[in-house]
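These notes are about the structure you will find just below.
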Amino acid sequence: MRRMGHRVADLIAEHLATLRDQPVFATLGRQEADTLVAGPPPATGRDLESLLKTLGERVFPHAAREPHPGFMAYVPGCPTFPALLGDWIAGGFNFFAGVWPVAAGPNALELSVLDWFRQWIGMPDGAGGLLTSGGSAAMVTAAIAARHAVVGEDASRMPRLALYASDQAHSSVVRAAWIAGVPRAQVRSIAVDDGYRMRCDRLAEAIERDRAAGLLPMMVMASGGTTNTGSVDPLSDIADLCAAEQIWMHVDAAYGGFAALTERGSLALDGLGRADSVTLDPHKWLFVPFECGCLMVRDPRRLKAAFQIFPEYLRDVEASGEQVNFADYGEQLTRYSRALKIWLSVSYFGVDAIRDAIDGAMDLVLLAEQLVGAEPSLELLSPARLGVICFRAHPAGLDDPAALDSLNERINGAINAGGRYFISSTRLGGRFSLRICVLGYRTARRDIEGLIDAIVREASRA
């Protein structure tokens, strides 16, 4: 076991130490990929070294390297090495973290981590929740709890439910509403302002119309850092409206929520702690490996009311007193200890280092904004917000919308094919936009400068 473990540790350490020398992105079509590893399992076992050789030659090269300093697409994941070790320890000990009696230590650790989060985002004493596989699972859990708070066990009222989110909300928000039983036609898409923030006046109008039509407004899902632009909805105003209307307020702060550790992030996220529930993703801006999401809830009893169940075979592990069975708070009974990787990484580096890394990422996006603004051939479409910036190439004399879209699509493809940088795209106001998202602590000033230079060079070929 020790020999095998050391070999894998060396493999991972070598991979992380040489990231800059590797292409940030590589992929294959399905037919090509099937030729790499398809086939029946071996009848007799193979030695570890030959298996690692197969993986190293046939599997690992054909993927994006999310911890790469040039990975600035989507919302990157860039785990620390202590966090990786925490994941390994949790797997090695194979803790069953669903119920308290068999995992008192690991579950106490999870409660401690959740209380860190509570304090960081400004939720009151007594708030809690659970760690999940990711933001999507957290969203679904919150939506089901909100549904139960409105209709209880009366399924006949579910067709009258309505849910509200901005037209910039993450796709998982809409999917969570569907899974929770909200009719698709009653998932309301609320318009945004020029800063891509939900308009409270339009939200209030939608709620009023639905109540007049006999519907049951169930939940408002606000954004604490949209994927498209990093924009933050007016959380305090939405909290006021939800309190007046007695509607559950949820905030999707999957990656943006941990920016609350910084001064500017805390200002941008003002009102976050007033939500009834909040999605956080430690596997994004808290630098732990996939999969690790979190749902924080102002009153954890509302989760328990929606999810707790007592079959006869679980009577022996029923929680009592202050004990917490996380299986009572969500859909998973069998769950491993995700808290270990968070606790180990945060404790190893300290909160100050994590705060500095988040601040540093936001500084790099501000640098990108300055470079875009200084380059005549580039046009800023959305300023730097919580690690995200959107812009496009717009050379002088080229104003046809279709031609501009075509140019920027070509630039996006060329940058990603180069192997040094990986960016993504979106559409803002109907315009094709290049999009940079910096979360990883390995990304440096030279990466931002090199990327913008590469985009300008591609734009000059228009």
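All residue numbers refer to positions in the sequence shown, counting from 1.
- Aromatic ring centres of Phe71 and Tyr421 lie farther apart than the 6.0 Å criterion allows.
- Between Arg442 and Asp447 there is no salt bridge, since no side-chain nitrogen of the basic residue lies less than 4.0 Å from a carboxylate oxygen of the acidic one.
- Checking Leu114, Leu130, Val113 one by one against Cys294, the side chain to side chain contact (heavy atoms under 4.5 Å, CB included) holds for a single residue, Leu114.
- Looking only at distances, no side-chain donor or acceptor of Arg58 sits under 3.5 Å from a matching main-chain atom of Ala33.
- Applying the ring pair (Phe, Tyr, Trp, His ring centres under 6.0 Å) test between Tyr441 and each of Phe287, Trp285, Phe81 identifies Phe287 as the sole match.
- No side-chain donor-acceptor contact under 3.5 Å links Arg435 to the backbone of Ser433.
- Salt-bridge annotation for Arg160 and Asp210: absent, with no side-chain N of the basic residue lying under 4.0 Å from a carboxylate O of the acidic one.
- Between the side chain of Arg457 and the backbone N or O of Ile452 there is no donor-acceptor pair closer than 3.5 Å.
- Considering only residues two or more places apart in sequence or on other chains, Arg211 meets the salt bridge (charged side-chain N to carboxylate O under 4.0 Å, His left out) condition with Glu245.
- Remark: Trp120 CH2 is packed, more than 12 non-hydrogen atoms of other residues, nucleotides or ligands lying under 6.0 Å away.
- More than 12 heavy atoms of other residues, nucleotides or ligands sit less than 6.0 Å from atom CG of Asp400.
- In this structure a side-chain-to-backbone donor-acceptor pair under 3.5 Å is present from Arg298 to Ala275.
- Under a 3.5 Å cut-off, the side chain of Glu66 and the backbone N or O of Gly77 do form a donor-acceptor pair.
- The closest side-chain heavy-atom distance from Ile389 to Ser382 is not below 4.5 Å.
- Considering only heavy atoms from C-beta on, Lys341 comes within 4.5 Å of Pro289 through its side chain.
- Within 6.0 Å of the OH atom in Tyr74, the count of heavy atoms belonging to other residues, nucleotides or ligands does not exceed 12.
- The closest donor-acceptor contact from the side chain of Thr443 to the backbone of Leu439 lies at 3.5 Å or more, if one exists at all.
- For the atom pair CG (Leu84) and CG (Leu16), the distance works out to 6.5 Å, reported to the nearest 0.5 Å.
- Without hydrogens or angle criteria, Asp281 side chain to Gly135 main chain gives a donor-acceptor distance under 3.5 Å.
- Closest approach of Ala145 to Phe307, counting heavy atoms only: N-CE1, 4.5 Å.
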Next on the checklist: If you apply the rule side chain to side chain donor-acceptor pair (under 3.5 Å), what do you find for Gln22 with His15, and how did you get there?
Outcome noted: CA-CA 9 Å; Gln22 301 179 43; His15 165 68; 3.3 Å; yes
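- The shortest side-chain heavy-atom distance between Asn412 and Asn416 falls under the 4.5 Å cut-off.
- Counting only heavy atoms from C-beta outward, the side chains of Arg427 and Asp405 approach each other to under 4.5 Å.
- By the 4.5 Å heavy-atom criterion applied to side chains, Asn228 and Tyr196 are not counted as neighbours.
- For the pair Cys437 and Val388, the tightest heavy-atom approach, listed with the atom from each and the gap, is SG-CG2, 3.9 Å.
- Among Leu286, Thr80, Thr262, the one residue that satisfies the side chain to side chain contact (heavy atoms under 4.5 Å, CB included) test with Ile354 is Leu286.
- Between atom NE2 of residue His283 and atom CG of residue Leu131 there is a gap of 11.5 Å, rounded to the nearest 0.5 Å.
- At most 12 non-hydrogen atoms from other residues, nucleotides or ligands lie less than 6.0 angstrom from CD of Glu263.
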Checklist entry - Passes side-chain contact (heavy atoms from CB on, under 4.5 Å), Leu235 versus Met198? Steps please. => result CA-CA 9 Å; Leu235 302 180; Met198 186 190 293; over 6 Å; no
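- Note: Met221 CE to Ile238 CD1 = 13.0 Å, rounded to the nearest 0.5 Å.
- Contact check on Arg118 versus Asp115 returns a salt bridge, with a Lys/Arg side-chain nitrogen under 4.0 Å from an Asp/Glu carboxylate oxygen.
- Without hydrogens or angle criteria, Arg392 side chain to Glu379 main chain gives no donor-acceptor distance under 3.5 Å.
- No side-chain heavy atom of Pro79 sits less than 4.5 Å from a side-chain heavy atom of Phe290.
- Remark: Arg446 does not engage Glu449 in a salt bridge, criterion side-chain N to carboxylate O under 4.0 Å.
- Classification of Asp34 and Arg30 as a salt-bridged pair holds, one side-chain N sitting under 4.0 Å from a carboxylate O.
- Of all non-hydrogen atoms in Val173 and Met139, the two that sit nearest each other are CG2-CE, 3.4 Å.
- Between Ser337 and Ala90, the closest heavy-atom pair is O-CB, 3.5 Å.
- Within a 6.0 Å sphere centred on CZ of Arg445, heavy atoms belonging to other residues, nucleotides or ligands number 12 at most.
- With rounding to the nearest 0.5 angstrom, the CE atom of Met72 is 9.5 Å from the NE2 atom of His68.
- Taken from CD in Glu110 to CZ in Arg335, the straight-line distance is 4.0 Å, to the nearest 0.5 Å.
- Listed for the Ser406 side chain is no donor-acceptor partner under 3.5 Å among the backbone atoms of Ala402.
- With Thr35 contributing its side chain and Glu32 its backbone, the two residues share a donor-acceptor pair below 3.5 Å.
- Residues meeting the ring-ring contact (aromatic ring centres under 6.0 Å, His included) test with Trp88, sequence neighbours left out: none.
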Item to check | Test log, rule side-chain contact (heavy atoms from CB on, under 4.5 Å), inputs Cys390 and Leu434 | outcome: CA-CA 6 Å; Cys390 295; Leu434 304 175; over 6 Å; no
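- The residues Asp363 and Arg264 are annotated as salt-bridged, a charged nitrogen and a carboxylate oxygen being separated by less than 4.0 angstrom.
- The aromatic rings of Phe326 and Tyr329 sit perpendicular to each other, their planes meeting at more than 60°, with 30° as the lower class boundary.
- At least one side-chain heavy atom of Val456 sits under 4.5 Å from a side-chain heavy atom of Ser377.
- In this structure the side chain of Val278 reaches within 4.5 angstrom of the side chain of Leu280, judged on heavy atoms.
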Next on the checklist: Show, in sequence, the C-alpha distance, side-chain angles and deciding distance for Asp299 and Arg302, and conclude whether the salt bridge (Lys or Arg N to Asp or Glu O under 4.0 Å) test is met.
Outcome noted: CA-CA 6 Å; Asp299 184 357; Arg302 300 175 89 174; 5.4 Å; no
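- Taking OG of Ser223 as the start and CG of Leu386 as the end, the distance is 11.0 Å to the nearest 0.5 Å.
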Item to check | CA sep, side-chain torsions, deciding dist, call: His394, Asp399, side chain to side chain donor-acceptor pair (under 3.5 Å) | outcome: CA-CA 8 Å; His394 192 164; Asp399 295 315; 2.8 Å; yes
Next on the checklist: Please evaluate residues Leu451 and Ile423 with respect to the criterion side-chain contact (heavy atoms from CB on, under 4.5 Å), reporting the C-alpha separation (whole Å), side-chain torsions for both, the decisive distance (0.1 Å), and the verdict.
Outcome noted: CA-CA 9 Å; Leu451 171 59; Ile423 63 174; 3.8 Å; yes
Checklist entry - Can you list the steps and then say if Asp252 with Thr226 is a side-chain contact (heavy atoms from CB on, under 4.5 Å)? => result CA-CA 8 Å; Asp252 172 16; Thr226 62; over 6 Å; no
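- Minimum interatomic distance between Ala137 and Thr132 (heavy atoms only, all atoms of both residues): CB-CB, 4.0 Å.
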